[in-house]
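One structure below.
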Amino acid sequence: MSTSFRRIMAILAALTMCGFTFVGTVSAQDEPAEVAPADAPADAPADAAKLSEEQLDYVAISGTVACYNKRVEDGKKAAAAAEAFLESEGLTLDEYKSMEKKFRGDADVQAAIKDEMTMCDTKVLAMPEEAEAVVAETLTDEEKKAMEDAEKKNEWTYSSKVYKTSRISSSGVSGGRLVFSFQKNGKNATGNFGGKHDGQSFSVGFKGVRASGKDKLSMSGTSGKTNSASVSVDFKKKSGKFTKDGVEIEYDWYLAKGKYSGKINGKSVSFSFEAEPNKKKPSSK
């Protein structure tokens with residue numbers, strides 16, 4: 001197993017030490033459970049265009065988890081940040097571990113993860129303390145009350161919602177994955193767009209703020225000297241239904257329709273996209 005993948009194991013071990021547990025985790029005296037993919041052959045091609053949506057998601061998530069451990073020197077902070085990142089992706093630790101077991105023997109996925117990890121230095125990595133500070137700074141008392149009231153009524157809010165697109169193939173991009181997530185305040189958002197452009201891997205991060213009371217979001221960012229992004233999103237109200245205890249319940253959610261423009265590896269890229277939130281139905285209470 002390579003040093004890079006041992007770092008993923010180290011983060012998950014640190015998460016456990018910080019109070020997070022896994023189903024089926026072995027004791028400290030036992031051999032650690034295998035939680036990361038085995039090394040791929042040195043000449044394995046990292047062809048993201050051949051990967052499924054689920055594989056692409058795992059590659060992006062696993063690579064980012066490893067980047068936290070590489071760039072954040074304090075082990076506890078790295079563990080907390082990785083756990084918060086998984087939550088922003090709509091995943092529990094158990095769900096992430098399950099994905100690792102599923103893809104550990106997939107050579108194409110392993111090669112793609114290695115490729116993803118070469119971009120650690122340009123990834124935008126959010127830290128939990130930064131998110132908490134933003135919430136405290138940007139929500140007025142009226143906004144806090146409105147959010148609390150909506151949550152009590154189990155109504156839609158943008159709080160902690162994660163939006164993901166289907167695979168993007170446009171403007172020379174293949175295997176593209178665009179994801180952005182709102183912080184708890186439902187206003188500030190961070191995102192990342194990654195994949196391959198003309199055969200070369202890229203990753204560009206961005207962040208922005210949803211105007212108070214508006215269903216519009218603007219984000220921008222740069223990664224390195226050759227990648228930049230400007231993202232504008234309009235949210236369209238949608239309605240759905242589900243049955244609970246024999247009763248049909250109606251609910252609202254918001255579809256994201258956006259435009260991306262910028263430069264990838266120094267070349268102009270632009271396209272339109274749609275993204276859906278990780279959770280549409282109201283939570284059970």
Side-chain angles (χ1 to χ4, degrees), residues 1-5 7-8 36-71 85 89 99-100 102-125 163-180 190-207 219-233 258-275:
M1 181 178 294
S2 68
T3 300
S4 296
F5 289 125
R7 287 172 178 160
I8 299 178
D39 286 348
D43 58 351
D47 189 354
K50 295 181 179 179
L51 301 182
S52 68
E53 296 287 351
E54 184 182 15
Q55 288 171 320
L56 284 172
D57 275 352
Y58 174 65
V59 167
I61 293 168
S62 183
T64 300
V65 167
C67 290
Y68 274 108
N69 197 39
K70 178 180 179 181
R71 286 173 46 182
F85 165 70
E89 288 278 344
M99 292 175 72
E100 289 180 315
K102 181 175 182 178
F103 294 119
R104 69 173 58 172
D106 190 315
D108 289 334
V109 169
Q110 296 161 16
I113 290 173
K114 288 184 176 180
D115 205 20
E116 182 79 12
M117 289 170 60
T118 64
M119 298 179 287
C120 279
D121 292 341
T122 59
K123 277 184 177 288
V124 174
L125 301 180
Y163 279 84
K164 298 179 183 180
T165 66
S166 297
R167 185 186 307 188
I168 294 171
S169 294
S170 180
S171 294
V173 173
S174 61
R177 177 184 186 273
L178 190 151
V179 58
F180 62 91
T190 58
N192 187 273
F193 177 47
K196 283 184 177 289
H197 185 270
D198 291 340
Q200 292 185 327
S201 297
F202 71 90
S203 178
V204 56
F206 38 84
K207 58 184 178 180
M219 298 177 285
S220 61
T222 59
S223 294
K225 296 181 179 180
T226 60
N227 296 332
S228 63
S230 177
V231 185
S232 61
V233 184
K259 292 183 178 180
Y260 180 104
S261 62
K263 290 187 178 295
I264 300 299
N265 297 331
K267 298 181 180 180
S268 296
V269 171
S270 63
F271 56 86
S272 298
F273 65 87
E274 285 191 357

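Keep in mind the model is a prediction, meaning the values are calculated, not measured. The chain is numbered in sequence order, starting from 1. Reckoned from all heavy atoms, side chains included, excluding hydrogens, waters and symmetry mates.
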Tell me, please, which residues at least two apart from [X] pass side chain to side chain contact (heavy atoms under 4.5 Å, CB included).
X      : result
Lys267 : His197, Asp198
Gln200 : Asn265
Ser228 : Thr222, Lys263
Met119 : Glu116, Thr122, Ser201, Ser203

Are [X] and [Y] side-chain neighbours, meaning at least one heavy-atom pair lies under 4.5 Å?
X      : Y     : result
Glu100 : Tyr58 : yes
Arg177 : Val59 : no
Met117 : Lys70 : no

Measure across [X] and [Y] and return the closest heavy-atom pair with its distance rounded to 0.1 Å.
X      : Y      : value
Ser174 : Ser169 : CA-OG, 4.1 Å
Ser223 : Val204 : OG-CA, 3.2 Å
Cys120 : Gly63  : SG-O, 4.4 Å

Find the distance between [atom1] ([X]) and [atom2] ([Y]) and round it off to the nearest 0.5 Å.
X      : Y      : atom1 : atom2 : value
Thr190 : Phe206 : OG1   : CZ    : 8.5 Å
Ile168 : Phe271 : CD1   : CZ    : 4.0 Å
Asp115 : Lys196 : CG    : NZ    : 4.0 Å
Thr64  : Ile113 : OG1   : CD1   : 10.5 Å
Ile264 : Ser270 : CD1   : OG    : 11.0 Å
Phe103 : Ser62  : CZ    : OG    : 10.5 Å

Legend entry - Residue list, ring pair (Phe, Tyr, Trp, His ring centres under 6.0 Å) with Phe202, at least two apart or on another chain: Phe193
Legend entry - Results of ring pair (Phe, Tyr, Trp, His ring centres under 6.0 Å) for Phe180 - residues two or more places apart only: Tyr163
Legend entry - Check ion pair Lys164-Glu53 (N to O, under 4.0 angstrom): no
Inset, instruction - Take Tyr260 and Val173 through the side chain to side chain contact (heavy atoms under 4.5 Å, CB included) test and state the conclusion after the steps. - result: CA-CA 12 Å; Tyr260 180 104; Val173 173; over 6 Å; no
Inset, instruction - May I have the step-by-step check of side chain to side chain contact (heavy atoms under 4.5 Å, CB included) for Asp106 and Gln55, ending in yes or no? - result: CA-CA 10 Å; Asp106 190 315; Gln55 288 171 320; 2.8 Å; yes
